[in-house]
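First comes the structure, then the notes that go with it.
Computation of the quantities below employed the complete heavy-atom set of this structure, encompassing side-chain atoms and omitting hydrogens, waters and symmetry-equivalent molecules.
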Amino acid sequence: MAAASRPDTLEHRCGILATALHILSEHTSDPAEREETLALGHRGTLTVPVDLHDALSADIDDPLLLSEALGVAGLVVRVMANPREASTDQLERAATMLRRQYAQTGDAWAAYFGIAALRRALGASWPGTRRHRLCRHQLAVLLQETARHTGDPRTLDEASDIMAALLRETPDDDPEAAEHYATLVSLLNDRYERTSNPALLDEAVTTGRIGLALLPSGAPTRWAHLTNLAVSLKRTAEADPDRLPDLDLLREAVDLQRQAVAASVAGPVPSSVGAALLANLTSSLGALHDRTGDPAPLTEAIRVGRRAVAEIGQDDGSRSRVEANLAAALSTHGLGTNDREAVAEALGLLETAAARDTAPTPDRVEMARQGGELAMAAGLPVRAARFFALGVDLLPRLAARGLAHRDAAGQLVAYARLTADAAACALIAGHPASAAAELLETGRGVLAAQALESRSDLTLLHERDPDLADRFKRLCARLDGDPEPGPEDAIDAHEDAPDLRRRLAHEMETVLSTIRDLPGLDNFLRPARADELVAEAHDGPIVMLNVSRYRSDALLLTGADVQVCELPGVSYEELHTRLATLHEHLDALSSSGHARLAVEQSVAGEILPWLWDQLAGPVLDRLGLTGPVHDREPARLWWIPCGPLAFFPLHAAGHHRDDPTRGPRRTVLDRVVSSYTPTVRALAHARTQRARQDRSRRLPARRGEPPHLLAIAMPQTPGETELPAALDENRYLSTLFPSAHPLVGPHATRDSVLAALAATPWAHFACHADTDSEDPSRSRLLVHDHLSKPLTVLEISRLRLEKSEFAYLSACNTAVTTPELADEAIHVVSAFQLAGFPHVVGTLWQVDDTVAAEIATHFYGQFPGAAFDADRTALQLHRTTRAFRDRFPRFPTLWSAHIHMGA
């Protein structure tokens with residue numbers, strides 16, 4: 001019987017010997033014995049993993065042992081081609097260690113292989129069995145940990161769905177029910193933290209009370225139920241920002257947290273868990289102080305927080321949150337009592353917490369922001385600049401490729417002010433203007449930068465390592481789309497789409513690291529340096545506008561250096577007030593009579609003059625652009641507006657009622673030809689696209705021959721108002737461009753438009769557009785079948801067009817996005833630029849149908865007398881705008897909506 005239950009095989013004997021050697025090595029600290037332990041243990045992993053796994057994970061808080069356990073567990077996962085090659089017990093054990101490894105180190109591969117092991121285990125076990133339920137529970141916990149590190153809401157939703165289903169299937173008298181309740185409460189708390197949906201808190205509190213009632217008083221995991229419910233109660237107490245926190249709920253939360261700490265001492269629990277419980281108590285006590293003003297809870301919070309920090313390892317990824325909770329209590333005390341030592345201690349904790357590589361990226365960004373704000377409040381701008389700069393450097397990781405586009409954008413919403421604050425503090429701290437410019441370039445257009453990576457010039461990489469270049473291109477192509485598991489993804493039959501995206505993103509990081517090790521490629525796809533930014537100003541200055549709570553500036557890239565033009569008259573608060581006024585005016589554009597006239601008077605008499613006096617005028621004066629614009633060789637300028645400024649017509653700033661006979665008018669239109677670009681990198685991409693165009697394809701245009709034009713017109717659109725002038729635009733273009741390819745009404749479907757875009761260098765759209773305020777990547781041009789097949793920003797931006805030269809979007813709101821994502825510039829115009837159009841004309845607001853057609857006609861009417869050259873489009877739009885300004889000076893909303901973006 002003994003031989004049958006424990007076969008006497010070489011692998012088995014290796015496993016037993018490995019366990020013995022491991023125990024011995026713990027006493028002797030002999031590295032050779034430790035290596036022999038692992039070598040022998042690996043040989044016996046599949047047949048007798050239990051002894052070795054238990055030995056290696058006995059002291060699971062030791063990162064070195066966890067790393068060794070990862071080697072064993074990773075081997076288990078890798079060697080399996082299907083679930084039959086290992087038992088569900090082995091898979092579950094491997095996943096347990098991988099989850100612990102991931103929680104402590106943030107190693108993405110640990111999470112990936114742990115999830116893979118559990119999905120395989122689920123595929124190999126019978127539904128309804130205890131083992132199947134255990135694996136589902138484990139999977140939910142690991143998915144939750146993954147969501148905490150990556151900020152992926154879909155992963156969190158999947159974990160919640162798993163636990164909700166488990167609870168529905170588990171009777172309350174089942175011993176597993178209480179644990180399921182506790183995990184679901186924790187997940188609901190995390191989901192509330194992401195969404196601020198109060199219904200999730202209501203469910204969490206109800207679920208938490210039920211689970212706690214089901215639990216025996218002496219249950220070893222009672223601490224988990226208590227702390228999860230306490231977190232729910234604290235957040236419920238603070239949920240309404242317009243009301244004081246509920247004092248009774250706060251006191252109950254503190255009491256439950258104290259009980260959780262006491263229960264953990266009786267446990268015992270790993271030190272990282274004990275520290276987390278103390279940190280939660282610290283946070284609740286701090287909230288109680290904030291509500292009551294009683295110093296006693298704050299004093300206790302600091303004492304408890306210090307104890308929590310002392311109990312957790314320096315390299316544990318969860319230590320950062322523990323440090324941040326103590327820092328919050330110390331900063332409240334320090335700022336409230338002018339205790340500089342307490343503030344210094346808080347800053348030191350936040351500095352360490354934000355810099356810890358093993359901590360979740362969302363936590364690190366938040367701690368960097370908190371550190372920067374605390375340092376500024378304490379009058380320490382140099383230290384604040386370091387904090388904010390770290391936060392900006394982390395933004396690309398926050399919006400990682402492993403997230404779906406919408407989720408990545410959602411991650412950036414909470415930090416819409418971070419980049420502006422970083423650049424402002426850099427200047428306050430005395431850093432050079434070039435450093436501020438680099439911060440603005442890194443922290444803006446993060447998602448567009450990812451898209452541009454796949455469109456980068458790979459010539460040198462192909463020369464160095466053609467196979468690596470091909471691998472990079474394949475990964476880019478898959479990540480730019482919505483990857484689904486395919487034949488090439490044989491690593492795991494149970495891998496779903498989110499798992500695949502995370503794996504591909506991690507592979508991309510590995511590939512980038514390998515590329516940067518090659519000679520001459522150490523800066524491959526890294527953020528641009530100041531000298532590279534300055535070099536792009538060869539055709540005219542680039543003006544990076546920055547408005548922060550701390551100061552406002554224009555950074556002027558002149559082709560030689562970066563200069564600072566301070567803007568003391570532009571405050572963050574006033575800018576938002578004026579933006580609200582502008583939006584009110586734009587919403588009233590459909591009014592008639594006196595209401596419409598009042599809107600125009602306000603824009604012409606207040607908003608545009610203010611933009612000139614406080615912003616555009618000082619910038620042009622500093623650049624020496626003080627004379628009238630010359631038609632033959634006009635001066636050009638590219639605006640990069642930050643945040644709220646992205647909604648203002650900077651190109652139309654000025655006093656347009658000035659007498660033109662009394663010298664140069666105080667307007668941008670009369671001084672310079674304006675273009676816009678989201679970032680310097682986007683401008684460089686547009687110029688690269690222009691340079692890549694085959695010279696032979698551009699020769700007809702230089703001889704004055706009109707290029708092939710795709711002319712889209714939607715005079716009637718399902719579900720929308722009619723646009724009769726759209727047909728007039730289309731007819732005019734058909735006469736001006738004999739080879740035009742018209743798609744009108746029902747013929748202008750999404751598929752027909754996409755196919756035609758690939759074949760025509762110029763495109764004109766006369767149609768409706770729609771901006772999606774919740775997900776700007778779903779903003780769209782309304783083609784005939786838009787209700788079933790929308791032509792979205794995301795779909796347009798994924799195109800790779802080689803022949804494209806110019807797109808004119810005669811539609812409303814094509815150059816605006818949501819205010820929270822203004823720096824990302826996720827809109828229709830930028831989508832056409834990413835697709836390959838070096839020049840795009842779009843609009844900042846709603847445009848009257850008849851006026852839009854007249855402006856388009858005037859714009860194109862200038863071409864017969866000159867070459868049909870897309871490089872002239874900025875100048876021709878400028879001339880058109882001036883002409884309509886001169887015709888309708890009292891109605892600026894009619895002529896200032898159109899902008900040129902690109903080269």
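With respect to the salt-bridge test (charged N to carboxylate O, under 4.0 angstrom), the residues Asp770 and Arg778 do not qualify. The pair Arg194-Asp407 does not count as a salt bridge, with every side-chain nitrogen at least 4.0 angstrom from each carboxylate oxygen. Under a 4.0 Å N-O distance rule, the pair Arg383/Glu351 qualifies as a salt bridge. Look at Arg665 and Asp658 and you find no salt bridge, because none of the NZ, NE, NH1 or NH2 atoms lies under 4.0 Å from a carboxylate O.
Taken from CD in Glu574 to OG1 in Thr581, the straight-line distance is 10.0 Å, to the nearest 0.5 Å. Taken from CD in Glu441 to OG in Ser434, the straight-line distance is 13.5 Å, to the nearest 0.5 Å. With rounding to the nearest 0.5 angstrom, the CE atom of Met901 is 12.5 Å from the OG1 atom of Thr873. Here CG of Leu533 is found 8.5 Å from CD1 of Ile640. Values are rounded to the nearest 0.5 Å. In this structure, Asp772 CG and Thr792 OG1 are separated by 10.0 Å, a value rounded to the nearest 0.5 Å.
What you find for Leu395 and Val446 is that their closest heavy atoms are O-CG1, 4.1 Å. Summarising the geometry of Leu809 relative to Leu781, their closest heavy-atom pair is CD2-CD1, 4.4 Å, with the distance given to 0.1 Å. Between His900 and Ser674, the shortest heavy-atom distance links the atoms CB-O, 4.4 Å. Nearest heavy-atom pair across Val562 and Ala437 is CG1-CB, 4.3 Å. The shortest non-hydrogen separation linking Thr818 to Phe647 is C-CZ, 4.0 Å. Between Arg690 and Ala903 the shortest heavy-atom distance is NH1-CB, 3.8 Å.
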*Does the pair Glu373 and Arg549 meet the rule for a salt bridge (charged side-chain N to carboxylate O under 4.0 Å, His left out), with working shown?*
CA-CA 10 Å; Glu373 293 177 348; Arg549 296 168 289 173; 3.3 Å; yes

*asked:* If you apply the rule side chain to side chain contact (heavy atoms under 4.5 Å, CB included), what do you find for Thr880 with His898, and how did you get there?
replied: CA-CA 10 Å; Thr880 299; His898 290 73; over 6 Å; no

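For Arg364, the CZ atom counts as densely surrounded, since its 6.0 Å shell holds more than 12 non-hydrogen atoms of other residues, nucleotides or ligands. In the displayed structure, Glu573 atom CD is contacted under 6.0 Å by more than 12 heavy atoms of other residues, nucleotides or ligands.
Between Tyr550 and Phe388, the two ring planes are tilted [angle within 30° to 60°]. Using cut-offs of 30° and 60° for the angle between ring planes, the Phe648 and Trp610 rings count as tilted. Ring pair Phe806/Tyr808 is perpendicular by interplanar angle, where above 60° counts as perpendicular and below 30° as parallel.
Contact of the Leu347 side chain with the Leu380 side chain is registered, since non-hydrogen atoms from C-beta on lie closer than 4.5 Å. Val603 has its side chain within reach of Leu608: a pair of non-hydrogen atoms, C-beta onward, lies under 4.5 Å apart. Here the side chains of Cys565 and Leu567 are in contact, with some heavy-atom distance below 4.5 Å.
Between His656 and Trp895, the distance separating the two ring centers is shorter than 6.0 angstrom.
Panel note: side chain Asp823, backbone Cys642; no donor-acceptor pair is recorded below 3.5 Å.
Counted by atom type alone, His655 and Asp613 present one or more donor-acceptor pairs between their side chains at under 3.5 Å. For the 3.5 Å distance criterion, the side chains of Thr893 and Trp845 fail to qualify, holding no donor opposite an acceptor. One side chain, Ser675 or Arg636, offers a donor N or O that lies under 3.5 Å from an acceptor on the other.
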